[in-house]
> 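Structure in structure tokens, see below.
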Amino acid sequence: MTRPEQQTLLAREVPLGGTRDMLVRRTLPNRALRTIGAFCFVDHYGPSPLTGPGAHPMVVPPHPHCGLQTVSWLLSGDVVHRDSVGSVQPIRPGELNLMTAGEGIAHSEYSVGSSDLHGVQLWVALPDSERNQPPHFEHHAGLPDFDLNEISVRVVMGEVEGQKSPAESYSPLVCAELRLAPGSYELPLNGDFEHGLLLADGDVIVDETTLARSALEYFPEETPAVGLTTESGATLLLIGGEPFDEQLLMWWNFVARTHEEIVQARSDWEDDVRFGTVVDDDHPPLRAPEMPATILRARPSRPD
Ligand code: MN
């Protein structure tokens with residue numbers, strides 16, 4: 001597998017599937033790079049009010065997933081998750097909602113309350129040996145929170161400096177929120193991992209690069225540390241992991257390996273089998289888009 005160099009992945013604005021136009025800023029998958037570790041999808045949204053001019057509430061009715069974990073992380077606001085294994089779980093900033101779709105699950109997410117909505121949604125590809133497991137859901141409050149070189153670190157998944165998240169992961173990876181007061185810092189990195197740093201809030205210069213909000217700075221393996229400087233303070237999300245060497249086929253809400261698997265997942269959803277019914281949710285489910293006329297193919301993490 002070719003080894004990419006350090007680079008900045010800029011976000012593109014896309015509407016999130018739902019009944020209203022909630023715009024998200026997506027950095028993965030990216031033309032230059034499709035995964036960072038097993039992370040295959042990175043969306044940053046908000047901060048935006050839930051009512052009035054410029055409002056962008058989150059309204060994502062029941063829809064299916066398979067072959068991945070969804071990671072919901074908030075910087076402000078409140079969201080309620082419901083799924084087809086019976087979970088009804090509000091989430092607040094500093095808490096983790098982690099849904100392991102495995103062979104198939106359906107869920108919905110709606111913003112609630114009155115606080116501006118600001119957050120990140122990640123997908124983690126499950127390795128082939130784990131991707132057909134039964135679906136399950138985890139909620140974690142009280143994640144490890146500590147200071148590392150004066151950076152406030154909250155460990156969302158994996159571990160940082162020996163501080164471990166209780167969240168289940170299925171490949172070597174890390175996800176952590178970093179909060180910086182104005183100043184300059186050094187962030188040590190795991191040399192076995194490639195990493196991405198997303199600027200969620202504030203300003204930051206990463207090494208020599210001024211990062212735009214929602215942009216993701218990529219670091220290849222064997223990067224020992226990065227320098228971070230912020231004038232007004234910053235909140236960053238660190239993701240990383242061992243480069244994911246399986247080819248993935250991502251279509252709509254499914255992560256698979258073959259065209260036939262996608263066709264099956266789509267028809268199972270449309271036929272109301274396999275994914276189950278989201279509890280306590282009267283919204284009409286999202287319908288799957290039409291399959292494209294071409295045969296979909298799995299692709300490597302790095303462009304050829
Ligand atoms: Mn979803």
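Numbers here simply count residues along the sequence, with the first being 1. All heavy atoms count here, side chains included; hydrogens, waters and symmetry mates do not. Indexing begins at 1, ligand by ligand and atom by atom, following the structure's order.
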> Between Q133 and Y170, is any side-chain donor less than 3.5 angstrom from a side-chain acceptor?
yes
> For the Mn ion (ligand 1), what is the number of protein N, O or S atoms at a distance under 2.8 Å?
3
> How are the rings of F137 and H81 set to each other: parallel, tilted or perpendicular (split at 30° and 60°)?
parallel
> Knowing that exactly one of E13, R12, R25 qualifies, which makes a side-chain hydrogen bond (donor to acceptor under 3.5 Å, both in side chains) with S214?
R25
> Testing Q69, H65, E168 one by one against T100 for a side-chain hydrogen bond (donor to acceptor under 3.5 Å, both in side chains), which residue passes?
Q69
> Would you call the rings of H195 and F193 parallel, tilted or perpendicular if under 30° counts as parallel and over 60° as perpendicular?
tilted
> Enumerate the residue pairs fulfilling salt bridge (charged side-chain N to carboxylate O under 4.0 Å, His left out) with a member in residues 103-130, sequence neighbours excluded, ordered by first and then second residue.
D128-R131
